[in-house]
Amino acid sequence: MNLFAYFHDKIAAEIAALGFALDTSRMSVEPPRDPAHGDVSANAAMVLAKGAGMKPRDFAEKLRPRLAKLDHVTAAEVAGPGFINLRLDNEFWYARLAEILRVGPAYGDSTAGQGRTVNVEYVSANPTGPMHVGHGRGAVVGDALAALLHKTGHAVTREYYVNDAGAQVDALARSVYLRYRQALGETVGEIPEGLYLGEYLIDTGATLAQRDGKKWLGKPESEWLAPVREFAIEEMLTLIRGDLERLGIEFDVFASERKLVKAGAIEHAIAELEKQGLIYVGTLEPPKGMLPDDWEARPQTLFRSTAFGDDVDRPIKKVDGSWTYFAADIAYHWDKYKRGFADLIDVWGADHGGYVKRMQAVVKALTQGKAALDVKLCQLVNLSDGGQPVRMSKRAGNFVMLRDVIERVGKDVVRFVMLTRRNDQTLDFDFAKVVEQSKDNPVFYVQYAHARARSVMRLAAQHFGADELTPTALAHGPLNLLADADEIALVRHLAQWPRTVEGAAQMHEPHRIAFYLQEIAASFHALWNKGNADAGLRFVVEGKRDLTRARLALVQAVAFVIASGLKVIGVTPAEELR
RNA sequence: GCGCCCAUAGCUCAGAGGAUUAGAGCAGCCGCCUUCUAAGCGGCAGGUCGUUGGUUCGAGUCCAACUGGGCGCGCCA
């Protein structure tokens, strides 16, 4: 259970019992910043005193005795401008420990989402080549966020938008055709401007040659473009699917832009906007200060996104009359809404930052404000190897492929490291550092804590029967023998897991999970080391079976919470490290 | 020029509008292995939370302006 939500309800009930009909939704119940102030801190008095016609401290004093009588509360104190701080007895923490053992890695699961439908769209890399490291960051952030929302009781759909229409896939088809001719013995020379240079396309061209033989040689583009394009997209998606599989990511939906276009979804969406008077033909002001060389004023078909907070209205048609990418994205987001999603989340690269406002504007317009779109922008990943920057150039086609990174450091390392920074901070990824086995490496540090916990349990198995070490047996053990202040402190910390999960889910910030796990690992390593200094504080104490069982309960709970967190991140907990 | 993101210890970064004392890690200094993994732990030292205003009982957190950095800026996706 989220103990802070629990006490929020308790406190709200006591306020009601005092005869006040006040809105307690603004009241926060949190851990105090300074643990010396207690276990639970409520700002009720400051938020509610005005409504009750009282001074905050007077209100707090009136409420205090009632809270002091709540179960497991040993003290209620009024502090500062009117905080009410509660201290809880050890029994409460033993109950939390037993709870963790009872539910195992499902600890932290919550119904906060109330089954709300959420669509998390991430990766959505163009089907023009394998995934690179930047895609990897978005992939991990999106996937962990989806897992987090699932854990908090949302109905989550993981979705990948395939940009299989438009100029890029035409360029892909031409690039593959070139490699196809090459595979059949032609000399193609320099790859022309605008085509893809990636060496992976050599294989694709060869595969096409193998499948179709000389069928397309010497034919006009109008004949081969469509079939080659279809073939190439499928090949690229196979590559991408392979990359995702290596990362352990599985999508529920691959949404095809081409299918949407074919079904006339763009026309429908634009017609809807037109009905609302949000489409017009006009001429935009040139961007100030940075004028494109070939700029000339011309009338365009525009979406009035300024009506919803955007800076300028946005074109939905190109000069040749075809739809812009934005127009397709309008249709796509409306489609998501019509499929029943009230909450939309897009995970994009930071270079798409300029599109956030217009997309949110569209979602507002098409759903009459009933759907919310949150866009998580992921900053760059700076690759280095032992401190030496790894330079990438898309132009030269030598960008570092995600699969190579996974092959070198492993899926678990990639996933964890991608969450060691907020999504909107640039991330340094050093090949040498992330596989280092030291406390400087957060992945290792957390894995080591889990492995240590498992190691203790294995050792304990030599002294106890298997039936004595099951989580249930441990939960029913003499937990009250846990008396060391650091042991209780660790239980407290573990008991914050549900709140951490709910907070991270609500704020759409999966990195918080990685940070929390590092804290738990640190607490556990510290406790472990107290056993080095004082043998009486070791987890397994010769001749003290009851005390040992109580401590094993704590050790098992640590393992469960770390496993619970790693599951959100998509990392396999290590049983041992070699 | 405009928009978005960012600015917290020497470095890399956390920080849900709250309390006399803003936290980690690294680097620095001093310590801890006869041991369940020392692949670890403890301690010391280190801060005008970019600047200036504003809102509030209260601001690292919210608002505005400014300074500095990243990303982007009509018919690419």
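Both backbone and side-chain heavy atoms feed into the values below; hydrogens, waters and symmetry mates do not. A note on names: the letters A, B, ... follow the listed sequences, proteins ahead of strands, and every chain is numbered from 1.
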Original post:
Touch check for A:N532, heavy atoms < 4.0 angstrom, all strands: base, sugar-phosphate only, or nothing?
Top reply: base
Original post:
Within the distance-only criterion (no hydrogens, no angle test), does the side chain of A:T500 pair as donor or acceptor with the backbone N or O of A:Q496 below 3.5 angstrom?
Top reply: yes
**OP:** Choose from B:A77, B:A16, B:U37 the nucleotide whose nearest atom is closest to any side-chain atom of A:L577.
**Re:** B:U37
**OP:** Indicate whether A:F83 forms a stack on B:A19; treat it as stacked only if centroid distance is below 5.5 angstrom and interplanar angle below 30 degrees.
**Re:** yes
Original post:
Where do A:E267 and A:W323 land on the side-chain hydrogen bond (donor to acceptor under 3.5 Å, both in side chains) test, with the steps shown first?
Top reply: CA-CA 10 Å; A:E267 285 78 5; A:W323 299 111; 3.3 Å; yes
Original post:
Which nucleotide sits closest to the side chain of A:A451: B:C75, B:U37, B:A19?
Top reply: B:U37
Subject >> Nearest-nucleotide pick for A:T324, side chain only, options being B:C75, B:A16, B:U37 >> reply: B:C75
Please write out each protein N/O paired with an N/O of nucleotides 41-44 of chain B under 3.5 Å, distance rounded to 0.1 Å.
{"unit_1": "B:C41", "atom_1": "OP1", "unit_2": "A:Y445", "atom_2": "OH", "d": "2.4"}
{"unit_1": "B:C41", "atom_1": "O4'", "unit_2": "A:N529", "atom_2": "OD1", "d": "3.2"}
{"unit_1": "B:C41", "atom_1": "O4'", "unit_2": "A:N529", "atom_2": "ND2", "d": "3.4"}

**OP:** Counting heavy atoms from C-beta on, name the nucleotide in B:C36, B:U37, B:C75 closest to the side chain of A:F539.
**Re:** B:C36
Original post:
Within the structure, does a side-chain N or O atom of A:W528 lie under 4.0 Å from either OP1 or OP2 of B:U35?
Top reply: no
Subject >> Out of B:C71, B:A16, B:A77, whichever nucleotide has its closest atom nearest the side chain of A:D351 >> reply: B:C71
**OP:** Represent RNA chain B in dot-bracket notation, 5' to 3'. Only Watson-Crick or G-U wobble pairs with both distances under 3.5 Å count; pseudoknot-style crossings use [ ] and interstrand partners use |.
**Re:** (((((((..((((.........)))).(((((.......))))).....(((((.......))))))))))))....
Original post:
Mind checking the P distance from B:C62 to B:C4? Whole angstroms is fine.
Top reply: 15 Å
Subject >> Check: A:N126/A:T128 side-chain N/O donor and acceptor closer than 3.5 Å >> reply: no
Original post:
Under 3.5 Å, is there an N or O donor on one side and an acceptor on the other linking the side chain of A:R458 and the base of B:C36?
Top reply: no
Enumerate the protein-to-nucleotides 59-67 of chain B contacts in which both atoms are nitrogen or oxygen and the separation is below 3.5 Å.
{"unit_1": "B:G60", "atom_1": "O6", "unit_2": "A:R33", "atom_2": "NH2", "d": "2.7"}

Original post:
Base, sugar-phosphate, or nothing for A:G353, non-hydrogen atoms under 4.0 angstrom?
Top reply: nothing
Original post:
Is any side-chain N of the basic residue among A:D170 and A:R229 closer than 4.0 Å to the acidic one's carboxylate O?
Top reply: yes
**OP:** Return yes if the base of B:A19 and the side-chain atoms of A:N85 contain a donor-acceptor N/O pair under 3.5 Å, otherwise no.
**Re:** yes
Original post:
Roughly how many Å is it from CG in A:L547 to P in B:C36, rounded to a whole number?
Top reply: 18 Å
Original post:
Can you check the A:Q518 CD to B:G25 C1' distance for me, whole Å?
Top reply: 8 Å
**OP:** Rounded off to whole Å, could you give me the CZ-to-P distance for the A:R551 and B:C36 pair?
**Re:** 16 Å
Original post:
Can you tell if the side chain of A:E77 reaches within under 4.5 Å of the side chain of A:I84, non-hydrogen atoms only?
Top reply: no
**OP:** Using a 4.0 Å heavy-atom cut-off across all strands, classify A:V356 as base, sugar-phosphate, or nothing.
**Re:** nothing
**OP:** Give a yes or no on whether the ring-centroid distance for A:Y448 and A:H525 is below 6.0 angstrom.
**Re:** yes
**OP:** Considering only atom C1', compute the distance from B:G42 to B:C33 and round it to an integer number of Å.
**Re:** 14 Å
Original post:
Expressed as a whole number of Å, how far does the C1' atom of B:G47 sit from that of B:A22?
Top reply: 9 Å
Original post:
Do A:F515 and A:H511 have ring centroids that are under 6.0 Å from one another?
Top reply: yes
**OP:** Measure centre to centre between the rings of A:Y516 and A:W497, then say whether the value is under 6.0 Å.
**Re:** yes
**OP:** Please check if the distance between the ring centroids of A:Y160 and A:Y122 is under 6.0 Å.
**Re:** no
**OP:** Whole angstrom is fine here: how far is it from CD in A:E519 over to P in B:C13?
**Re:** 18 Å
Original post:
Closest to the A:H511 side chain: B:U37, B:C75, B:A14?
Top reply: B:A14
Subject >> RNA chain B: 5'-proximal contact among A:R512 and A:E257 (nearest heavy atom) >> reply: A:R512
**OP:** Output, in order, the C-alpha distance, side-chain angles, deciding distance and verdict of salt bridge (charged side-chain N to carboxylate O under 4.0 Å, His left out) for A:R492 and A:D39.
**Re:** CA-CA 8 Å; A:R492 276 198 184 92; A:D39 296 312; 2.6 Å; yes
Original post:
How would you label the contact of A:P81 with the nucleic acid (heavy atoms, under 4.0 Å): base, sugar-phosphate, or nothing?
Top reply: base
Original post:
Whole Å only: how far is the CG atom of A:D58 from the C1' atom of B:C57?
Top reply: 14 Å
Original post:
Contact class for A:Q300 vs. all strands (heavy atom < 4.0 Å): base, sugar-phosphate, or nothing?
Top reply: base
Sequence neighbours left out, cut at 3.5 Å: what donor-acceptor pairs do the side chains of residues 423-433 of chain A make with other protein atoms?
{"unit_1": "A:N423", "atom_1": "ND2", "unit_2": "A:L377", "atom_2": "O", "d": "2.8"}
{"unit_1": "A:D424", "atom_1": "OD1", "unit_2": "A:R422", "atom_2": "NE", "d": "2.9"}
{"unit_1": "A:D424", "atom_1": "OD2", "unit_2": "A:R422", "atom_2": "NH2", "d": "3.0"}
{"unit_1": "A:D428", "atom_1": "OD1", "unit_2": "A:N382", "atom_2": "ND2", "d": "3.4"}
{"unit_1": "A:D430", "atom_1": "OD1", "unit_2": "A:G386", "atom_2": "N", "d": "2.8"}
{"unit_1": "A:D430", "atom_1": "OD1", "unit_2": "A:A432", "atom_2": "N", "d": "2.9"}
{"unit_1": "A:D430", "atom_1": "OD1", "unit_2": "A:K433", "atom_2": "N", "d": "3.2"}
{"unit_1": "A:D430", "atom_1": "OD2", "unit_2": "A:S384", "atom_2": "OG", "d": "2.9"}
{"unit_1": "A:D430", "atom_1": "OD2", "unit_2": "A:G386", "atom_2": "N", "d": "3.2"}
{"unit_1": "A:D430", "atom_1": "OD2", "unit_2": "A:G387", "atom_2": "N", "d": "2.8"}

Subject >> Ring geometry between A:Y355 and A:F326 (parallel below 30°, tilted from 30 to 60°, perpendicular above 60°) >> reply: perpendicular
**OP:** Taking only the side-chain heavy atoms of A:P32 (C-beta and beyond), determine which of B:C75, B:A77, B:A19 contains the nearest atom.
**Re:** B:A19
Original post:
For B:C73, does OP1 or OP2 lie under 4.0 Å from any side-chain N or O of A:H352?
Top reply: no
Original post:
Under 3.5 Å, is there a donor-acceptor pair linking the side chains of A:Y332 and A:E159?
Top reply: yes
N/O to N/O distances under 3.5 Å, protein versus nucleotides 6-12 of chain B:
{"unit_1": "B:C6", "atom_1": "OP1", "unit_2": "A:D424", "atom_2": "OD2", "d": "3.4"}
{"unit_1": "B:U12", "atom_1": "O2'", "unit_2": "A:R421", "atom_2": "NH2", "d": "2.3"}

Original post:
Is the distance from OP1 or OP2 of B:C4 to the nearest side-chain N or O of A:K357 less than 4.0 Å?
Top reply: yes
Original post:
How would you list all residue pairs meeting salt bridge (charged side-chain N to carboxylate O under 4.0 Å, His left out) that involve residues 524-542 of chain A, not counting sequence neighbours?
Top reply: A:D484-A:K530, A:D486-A:K530
Subject >> Between P of B:G17 and CG of A:N43, the distance in whole Å >> reply: 11 Å
Original post:
Rounded to the nearest Å, what distance is computed from the CD atom of residue A:Q379 to the C1' atom of nucleotide B:C4?
Top reply: 10 Å
